[in-house]
Structures are given as C-alpha cells and as structure tokens.
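Read the numbers this way: they start at 1 and go in the same order the structure lists the ligands and their atoms. Everything numeric here is computed off the predicted structure, so don't read it as measured data.
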Amino acid sequence: MDIKIIRNESPAQLPDENALGFGEIFTDHMFVADYDDASGWHDFRIVPYGPISLSPAAAVFHYGAEVFEGLKAYRTPDGGVQLFRPMENGLRLARSCERIGIPAFPAEDTVRAVEELVRLDSRWVPGKDGTSLYIRPFVFSTDENLSLHGVHRAMYVIVCSPSGIYFGLDPVKIMLETEDVRAVRGGTGEAKCGGNYAASNRAADRAAELGYTQVLWLDGVERKYIEEVGAMNVMFKISSKVVTPKLTGSILPGITRKSCIELIRSWGIEVEERLLSIDELVEAAESGALEEAWGCGTAAVISPIGQFCYLGKEHVINDMKTGELSKRLFDELTGIQYGKRPDPFGWTVRL
Ligand SMILES: *Cc1c(COP(=O)(O)O)cnc(C)c1O
C-alpha cells in the first residue's frame, strides 16, 4: 500500500487539554481510500481533514452498509506516542466488513494507515492524565444506485480526535432493557456496525430520561441472558470469580474485554465466559454474592456499575463504590496503554 500525503497548509491551533470532550475536535489530516470492483482498494491518501462529497444516492444513506473501529494513541511519560493492540482492530474491521458484505480492507493496511496518520498528526496526541487521541476508522458503501445489488463501491476513512475522559471511575446506574434488543444471533451484533447503534438509540434515550447512564441488554431470543452494557462489554465478580457473557454471535468481541480476561487470569483469578441469566444476576445481587460489576471498552476503559434496575426494582452493587478489581484493572490497563507500567503481553506499538 502506497500512501500519498497531501499536507494541510493551514494546521489548526491545538485545543486546551483541560477542556477536551469526546470526539468533538478533529486533527489536521484524515486517511482516505476508495474501492470499486475493477480496481479493488486504491488511491490510498492522507489529506487535510474536511467534508467528503457523496451522491445522495450513495448506498450508505439508504441501506446502512457501514462499519467502524475505535482505538487510541497514548502519550507516554518520555513524550513518545503508542498504540494499543492495533492489529486487533485491523482484524476486527476486516471481519465486520465481511459480515456486512463490504469488501474487506487488509488488517495490516489498517495498522499502517493508522500509524502514518498518527505520526503525521502526533502533535495532536494530548499529554494530560486520562486524555488520548481517539482514532476512528470507518468503511461505507458509496454505490450510486437505489437498487439492492451488493456493495461494489466503497470508501474507507480514518479521522482522529483528541479526547478527554469518557466516563471516569465513578460507578454508574444502569437499566435492564426488556423491550428493545440490540442484536440477535445470526444478525450483526458481532460486527462493529452503525446499524447496531441505530437499533440501540430508542432504549438509550428512554434510560437517559429516567436518569440511567446505560442500558443493560438482554439476548434477543429468550430475553433472558445478559449481553452488553450500552456499547461496552460487561463483567461481573460473583463469589470471587469473574463472569462475562460468552461470545454467542450477538456480542461484540471487545479488545478491552479480551485484555481484561487475559489480565485477570494472569492474576490467578478465575474467569468464566458463559451464559449469565438476569435471574442469576438478581439472585447474586440479593444474596450478596455479586461483588462488582463493570463495563469495558476502549473509550471508557473500565466503567464500574453501582446500581442496576430490573422490572422497577433497584439493586445496589458494592454500596455504589468502585470495586477493588475494577480499580486494579483500570490501573493496570491504563498503565500499560500509557507506557507507565511494563507491557509483559507485548500489547503496545510505539510509533
Ligand atoms: C466497540 C464496542 C465494544 C468494545 O470494544 P473494544 O474493542 O473494547 O473497544 C463493545 N461493545 C460494542 C457494541 C462496541 O461497539
């Protein structure tokens, strides 16, 4: 892959690191590539960040063929910049493309493109505690044709956004969703696609109206087994063991989830990847066996859950305090990501 670089001749002023939100400001450049059946993926380029022009007939607007990724670049104490497991994102993006019928972009090329882009915009990687450069690769169909005929033209774009802390370590209140489902087995739950988010909007709005931060999703078939929390994977500490829903096809295989499992096992704590019913969770909460709960994902890293509401009843977890294991995971993961702790697993890639 040969990447052509067209530099931004009027680079923007860097934002105040103390006032960074999430995904609101974008860097000077973006990566773009095009696909069509005749040429495959081609015209790899890094260009000034700006609007993209699409036909109103572009298939993405009508039939929703879109997939995305999310990863971060971190500023290390010595002033360097590093990525966390970027190949995992590259591989997952290729798998998501495959599920949606979009021609896959090779994982190595995603990593290369991210590296080149972040190198060029490295002054945008903030250094303040808890901040990072959020990287958003996304692929969508651009066929100018309203008939349904597969994806024959597509575009791949990567944008970067200096970002602050997403949730923080204060436990949040969540609500069990019993009406809507996010995804079903055989559907697109395990692909990171925009459509899954569209399916989640209504429940998320309802939960927010009632004062909850996130929705806890149940499986779409039996409405019985716990799947994810908001747009994060979810873990519970029950009777000294960690339990997390197994990947059945409707759950997004999170890289933070995978890293948490590897870390927890390396600490000699048992992790069970299995079906966990809402009845078992309620019972564990009532008996006191439920010690901790947290969501995990790239944006928030670890987001402790302090309370969940099911069928109108509130269940408090760990007195609404951040649990010991949640805190340990957060410290270890961020320690590795920011290059402040040793990286025995070889997860980080220095630029
Ligand atoms: C991205 C995402 C996650 C978390 O994945 P990470 O690789 O850990 O960031 C979990 N659930 C959903 C639905 C997601 O889109």
Trainee: Measure from the side-chain N and O atoms of Glu314 to the backbone N and O of Gln307, and report whether any donor-acceptor pair falls under 3.5 Å.
Mentor: no
Trainee: Need the list: ligand 1 N/O atoms against protein N/O atoms, distance under 3.5 Å, rounded to one decimal.
Mentor:
from: ligand 1; atom 1: 7 (O); to: Arg92; atom 2: NH1; distance (Å): 2.8
from: ligand 1; atom 1: 7 (O); to: Arg92; atom 2: NH2; distance (Å): 3.1
from: ligand 1; atom 1: 7 (O); to: Ile255; atom 2: N; distance (Å): 2.8
from: ligand 1; atom 1: 8 (O); to: Ile255; atom 2: N; distance (Å): 3.2
from: ligand 1; atom 1: 8 (O); to: Thr256; atom 2: N; distance (Å): 2.9
from: ligand 1; atom 1: 8 (O); to: Thr256; atom 2: OG1; distance (Å): 2.6
from: ligand 1; atom 1: 9 (O); to: Thr298; atom 2: N; distance (Å): 2.9
from: ligand 1; atom 1: 9 (O); to: Thr298; atom 2: OG1; distance (Å): 2.6
from: ligand 1; atom 1: 11 (N); to: Glu228; atom 2: OE1; distance (Å): 2.5
from: ligand 1; atom 1: 11 (N); to: Ala231; atom 2: O; distance (Å): 3.3
from: ligand 1; atom 1: 15 (O); to: Lys192; atom 2: NZ; distance (Å): 2.7
from: ligand 1; atom 1: 15 (O); to: Tyr197; atom 2: OH; distance (Å): 2.6

Trainee: Please confirm whether the backbone N or O of Pro48 pairs with a side-chain atom of Asp28, one donor and one acceptor, at under 3.5 Å?
Mentor: no
Trainee: Over 60° means perpendicular and under 30° means parallel, so classify the ring planes of Tyr74 and Phe84, tilted if in between.
Mentor: perpendicular
Trainee: Would the distance check show the side chain of His42 and the main-chain N or O of Asp34 forming a donor-acceptor pair, the cut-off being under 3.5 Å?
Mentor: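 A pair under 3.5 Å: yes.
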Trainee: Connecting only ILVMFWY residues whose side-chain heavy atoms lie within less than 4.5 Å of each other, what is the rest of Tyr49's hydrophobic cluster?
Mentor: Ile6, Phe26, Met30, Val32, Val47, Ile52, Leu54, Val60, Phe61, Phe68, Phe138, Phe140, Met155, Val157, Val159, Tyr197
Trainee: Assign the ring pair Phe308 / His315 to parallel, tilted or perpendicular, where the plane angle (0 to 90°) is split at 30° and 60°.
Mentor: parallel
